[in-house]
Structures are given as C-alpha cells and as structure tokens.
Amino acid sequence: MIIEADHIRKKLGKTMALNDLSFQIKEGIVGLVGRNGAGKSTLLRALSGVYALDGGTLTCEGTPISLQKPPKGTFFLPDDPYYPSRITLLGLYEFLSLYYKMDKEALLALASELNLPTDKFISSFSKGMRRQAYLAAALAVDARLLLLDEAFDGLDPLALEKVKAAIVGRYAGQDKIVVIASHNIVSLERLSDTFLLIDGGKLSENGSSEEIAKGLRKVQVVFAVPVAQSDIEALGIDVIGYRSQGAMAEFMTHSEQVVDLIRERYAPPYVNLAPLSSTEIIAYAMEEAEKK
C-alpha cells in the first residue's frame, strides 16, 4: 500500500494549510508531526476525503483521493469526534458496524485492558476515558488506512502504552497504513516506523528516525574540569543543545571526529556516543525547520 502526494495545496480562509506538499508513505505506522497549525489535521482530512484539494494530486495505489472518495477501508478519528451523547461503548460499536467492518473481540479485549465499562454512557466518562473509548472503537474497525488526529491527548502513560501495543498488534507487518498526527513527539516514541514532519503546510522531513538524523550524534562526556560550549566549538565541532552540570556535559553534533577531538584536547575520564531517541531526532528536525 502506497500513498503519494504530489505538490498538493489546500487553502483555509487566508491560510495556505497545505503548501505545495509532496511525499510518499508506505505500509506501516507513520508519525505525522509538526507544531500546532502546521497542517496535520488538514492533511488527514484530505486523505479521508473530507476536504477537496485546491491543487496537486493525492493518490493511494495510483487511485486519486478526492472529496468523499477516500481509499477503500479508510477510517478517520478526528481530534474532537462527535457521537450521540447517550451511547455506550457497545452502542458505539453497533453504530459504527452500520458503516464499517468491525472486530468485536478486538474492541472488548482493548476495553478490558483499559478498564473501560461497555454498558455506561461514554458522555459520563472522563476526557481521558472518552479518548480511550474512541480509540478502542477505531482500532476495532477493519481499516486498511487508519487516520488518528491527536488521538493520544489526555491518555495517562499506562493507557498510552496499552493503546500503542494494540496498534502494533493490529497493524505492524501488514499491508496497511496508520497515520498518527501529534504535536507531542514523546507519545510516538517506540511506535512509528517512519515520520512525516511538516511545517507551515510544507514537507520538512520524511523517513525513519535514522534517515532524518542524517549523521546526528549525541555525545556524553565527563571532563576533569567544567568545559563551556564555546570551548567545544573552538575545536571546530558544531554543538547542538549543550547541557552541562559541573564537569558532566551532553550535546549533539554532526562532527564525525567529535570523540577523537575531545580526547586529544581534554583527555576526559569518560567520553562516548550515546543512542539518540526518536523524540530527540524529531525535536531537532522541528527546530531546524523553524529556522528555515
């Protein structure tokens, strides 16, 4: 399964929400990241056939996606879903079953994992429980293209991990695509196969966190005496996000010779390259996009 966008544009009022955006995503779990107002929700609405584009082409396996013509098997969970107020989780399942192929066992299993009652009105739930209920219903849909807009907002850490495990269990390694839009990169850690980073309606980065890193390295070092960022930069090392506490320091850099240069100049008791998390990589990419 492949989705391709070729110079797509969408104007909302006076704002160009999608501005000549091009990308390609394949099967797997895609983290759609960007600051508030970056164009994430607009893109999901275009993918789901809610919005018509003002220009460019958007296709799924070569078939155009247009107004009211999303790819077959698409389910979109908006950031503020509306359903009848006097409806239970089982009632929501029955409602959605009128329009989608559903997996009741999957719904009941996730509801049990999340301790969600199936016979009480969803309107009586807390905000976090309502979000979990909608996610449980969305994950029970037999969707080939699942679109989740800020779906993790309000989830406590334990519920978040359970939902992420359910997403991986149902979608990983299959010919399906899950696109999860979020401005909270931490929530996508250890979940997304690839990331699509947009800024101002334009593509900033696209690929796995390793591809986006492009040689970025995280250095951890213990000096014999405190060393300032300017001292490291004087060695010809680009320094990103320098943090220090006493003689201990941590920063990111693109310099391939960073460890050798620091050892040669300072002979520290400890210096090493540490693994970068997806959160650190995407946060760096977002900061760089803002500078452009």
Distance-only, no hydrogens or angles: does the N206 side chain make a donor-acceptor pair with backbone N or O of Q24 under 3.5 Å?
yes
Counting N and O atoms only, with roles assigned by atom type, does the side chain of D231 sit under 3.5 Å from a partner on the main chain of A228, one being a donor and the other an acceptor?
yes
Tell me if a side-chain donor or acceptor on S126 pairs with a main-chain N or O of M129 at a distance below 3.5 Å.
yes
Between S48, S182, S41, which is the residue that forms a side chain to side chain donor-acceptor pair (under 3.5 Å) with D149?
S41
Does E61 come within less than 4.0 Å of R144, counting only side-chain N to carboxylate O?
yes
Between R130 and D80 (salt bridge meaning N to carboxylate O under 4.0 Å), is one present in this structure?
no
Side chain of E189, backbone of T279: donor and acceptor closer than 3.5 Å?
yes
Are T57 and P64 close enough that some pair of their side-chain heavy atoms sits under 4.5 Å apart?
no
Between F95 and Y99, is the gap from one ring center to the other below 6.0 Å?
yes
How would you list, by chain and number, every residue that makes a side chain to side chain donor-acceptor pair (under 3.5 Å) with S97, sequence neighbours excluded?
none
Would the distance check show the side chain of D175 and the main-chain N or O of M1 forming a donor-acceptor pair, the cut-off being under 3.5 Å?
yes
Test your reading of the model: is there a side-chain donor-acceptor pair from R190 to the backbone of L188, 3.5 Å cut-off?
no
Linking I/L/V/M/F/W/Y whenever any side-chain heavy atoms sit under 4.5 Å apart, do L146 and L114 land together?
yes
Give a yes or no answer on whether the side chain of D238 reaches the backbone of T253 with a donor-acceptor pair at less than 3.5 Å.
no
Partners passing side chain to side chain donor-acceptor pair (under 3.5 Å) against R35 (at least two apart in sequence or in another chain):
E290
Indicate if L18 and F76 have the same hydrophobic cluster label, given that clusters are the connected sets of ILVMFWY residues with side-chain heavy-atom separations under 4.5 angstrom.
yes
Is there a donor-acceptor pair closer than 3.5 Å between any side-chain N or O of K10 and the backbone N or O of L43?
no
Flag yes if Y242 and M248 sit in one hydrophobic cluster, no otherwise; membership is Ile, Leu, Val, Met, Phe, Trp, Tyr, and two members link when side-chain heavy atoms are under 4.5 Å apart.
no
Same hydrophobic cluster for I25 and I281, using side-chain heavy-atom links shorter than 4.5 Å among ILVMFWY?
no
Cluster question for you: counting only ILVMFWY and a side-chain heavy-atom cut-off of under 4.5 Å, with indirect links fine, are L235 and I240 together?
no
Look only at the side chain of S22 and the backbone of H7, and say whether a donor-acceptor pair between them is shorter than 3.5 Å.
yes
Ion pair check, D153 and K127, cut-off under 4.0 Å
no
Between L147 and the options V179, V178, V50, the side-chain contact (heavy atoms from CB on, under 4.5 Å) test singles out V179
For L135, which of L116, I167, L155 qualifies under side-chain contact (heavy atoms from CB on, under 4.5 Å)?
L155
V30 and side-chain contact (heavy atoms from CB on, under 4.5 Å): which partner among I3, L196, D193?
L196
Would you find a donor on one side and an acceptor on the other, under 3.5 Å apart, between the side chain of K11 and the backbone of D54?
no
Does atom NZ of K176 have more than 12 heavy-atom neighbours from other groups under 6.0 Å away?
yes
By side chain to side chain donor-acceptor pair (under 3.5 Å), Q257 pairs with (sequence neighbours left out) none
